Amino acid sequence: MAAPDIKPHVDAVTAALVAAGLAVGDGGAPPAASIPPTGIYAALYFDPGQSLSESLADQRTDFVLSFQVTVVGPTAEKVRWAAQRTRAALHAPLTVAGCTAWRPEELGGPPIQRDDDVSPPLFYLPVQYRLQSTS
């Protein structure tokens with residue numbers, strides 16, 4: 001039996017957010033050309049995941065992946081809108097190729113913050129999630 005693969009999990013999260021109408025970047029902002037005129041986007045940050053034993057037989061078919069969705073926008077209101085859009089997109093179980101996945105678990109995050117190091121300033125909100133699956 002092959003070890004669980006992170007790629008189908010990353011693809012499932014990305015596809016859910018894109019289907020919700022968000023511009024998505026992996027490990028940072030998406031390319032400038034794909035950021036809509038609203039200036040709203042989501043940046044995804046994934047950990048490497050963890051393969052877990054399903055039983056004493058040590059069959060490692062269970063997988064846990066933690067990730068952060070950082071939504072960014074020109075106003076706090078637009079960031080709240082993007083955070084709610086993200087929450088709705090990740091509310092149902094995701095379709096992960098080759099696996100059965102639980103509904104992503106929202107772990108929360110800090111309050112909205114303002115980045116004054118860019119001009120014009122941007123607002124952002126990082127929210128943590130955990131995705132579990134079994135193959």
Side-chain angles (χ1 to χ4, degrees):
M1 176 162 285
D5 187 3
I6 189 174
K7 185 173 182 343
H9 296 80
V10 170
D11 291 347
V13 170
T14 303
L17 295 179
V18 168
L22 293 169
V24 178
D26 186 1
S34 66
I35 297 174
T38 60
I40 300 169
Y41 65 86
L44 295 174
Y45 301 93
F46 294 93
D47 76 4
Q50 184 178 11
S51 173
L52 302 172
S53 196
E54 72 176 44
S55 69
L56 291 175
D58 198 31
Q59 293 183 0
R60 296 184 179 246
T61 57
D62 292 350
F63 188 70
V64 177
L65 176 68
S66 295
F67 61 98
Q68 176 177 297
V69 181
T70 300
V71 290
V72 179
T75 67
E77 180 181 4
K78 289 183 179 185
V79 167
R80 284 190 296 274
W81 175 88
Q84 181 56 37
R85 193 78 158 204
T86 298
R87 177 178 289 125
L90 299 176
H91 184 69
L94 302 180
T95 301
V96 178
C99 298
T100 300
W102 285 260
R103 179 185 316 195
E105 179 184 5
E106 186 176 345
L107 304 175
I112 293 174
Q113 299 171 55
R114 179 181 159 133
D115 183 358
D116 289 319
D117 291 337
V118 295
S119 182
L122 290 173
F123 292 83
Y124 64 97
L125 176 63
V127 181
Q128 304 280 323
Y129 289 87
R130 180 178 19 240
L131 177 59
Q132 293 183 276
S133 71
T134 190
S135 54

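When reading the values below, keep in mind they use all heavy atoms of this one structure, side chains included, and skip hydrogens, waters and symmetry mates. A quick note: this is a predicted structure, and the numbers were derived from the prediction, not measured.
Residues Ala92 and Pro104 share a closest heavy-atom pair of O-CD, 3.5 Å. In terms of heavy-atom proximity, Val69 sits nearest to Ala42 at CG1-CB, 4.0 Å.
Residue Gln68 holds its CD atom at 9.5 Å from CG of Leu44, rounded to the nearest 0.5 Å. If you take CG on Asp5 and OG on Ser135, they are separated by 10.0 Å, rounding to the nearest 0.5 Å. Residue Leu107 holds its CG atom at 6.5 Å from OG of Ser66, rounded to the nearest 0.5 Å. Summarising the geometry, atom CD1 belonging to Ile6 is positioned 12.0 Å from atom CD belonging to Gln50; distances are rounded to the nearest 0.5 Å.
Taking Gln84 as the reference, Arg87 meet the side-chain contact (heavy atoms from CB on, under 4.5 Å) condition, with sequence neighbours excluded. Under the salt bridge (Lys or Arg N to Asp or Glu O under 4.0 Å) criterion, Arg80 pairs with no residue at all, not counting sequence neighbours. With sequence neighbours excluded, no residue satisfies side-chain contact (heavy atoms from CB on, under 4.5 Å) with Pro111. Shown here are the salt bridge (Lys or Arg N to Asp or Glu O under 4.0 Å) partners of Asp116, two or more places apart in sequence or in another chain: Arg114. A search for ring-ring contact (aromatic ring centres under 6.0 Å, His included) contacts involving Phe67 returns Phe46, Tyr129, not counting sequence neighbours.
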Without placing hydrogens or testing angles, list every side-chain donor-acceptor pair under 3.5 Å for residues 10-32, not counting sequence neighbours.
residue: Asp11; atom: OD1; partner: Lys7; partner atom: NZ; Å: 3.3
residue: Asp11; atom: OD2; partner: Lys7; partner atom: NZ; Å: 2.8
residue: Thr14; atom: OG1; partner: Val10; partner atom: O; Å: 2.9

Extract all donor-acceptor atom pairs below 3.5 Å that involve side chains of residues 93-101 and protein atoms in other chains or at least two apart in sequence.
none

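Glu77 places none of its side-chain heavy atoms less than 4.5 Å from the side chain of Trp81. Side-chain contact between Ile40 and Pro74 is present, with at least one heavy-atom pair separated by less than 4.5 Å.
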From CA spacing to verdict: side chain to side chain contact (heavy atoms under 4.5 Å, CB included), Glu106, Val127: CA-CA 8 Å; Glu106 186 176 345; Val127 181; 3.9 Å; yes

Check against side chain to side chain contact (heavy atoms under 4.5 Å, CB included), Tyr45 and Thr70: CA-CA 8 Å; Tyr45 301 93; Thr70 300; 3.8 Å; yes

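Note on Val71: it clusters hydrophobically with Ile112, by side-chain heavy-atom contacts below 4.5 Å among ILVMFWY residues.
Pairs engaging residues 32-47 under the salt bridge (charged side-chain N to carboxylate O under 4.0 Å, His left out) rule: none recorded [sequence neighbours left out]. The stretch residues 117-135 participates, sequence neighbours left out, in these salt bridge (charged side-chain N to carboxylate O under 4.0 Å, His left out) pairs: Glu105-Arg130. Sorted by first then second residue, the ring-ring contact (aromatic ring centres under 6.0 Å, His included) pairs that include residues 8-39, not counting sequence neighbours, are His9-Phe63.
Its side chain outside the 4.5 Å cluster rule for every partner, Trp102 clusters with none of the Ile, Leu, Val, Met, Phe, Trp and Tyr residues. Other residues sharing the hydrophobic cluster of Ile35, ordered by chain and number and joined by side-chain separations under 4.5 Å: Tyr41, Val72, Val118, Leu122, Tyr124.
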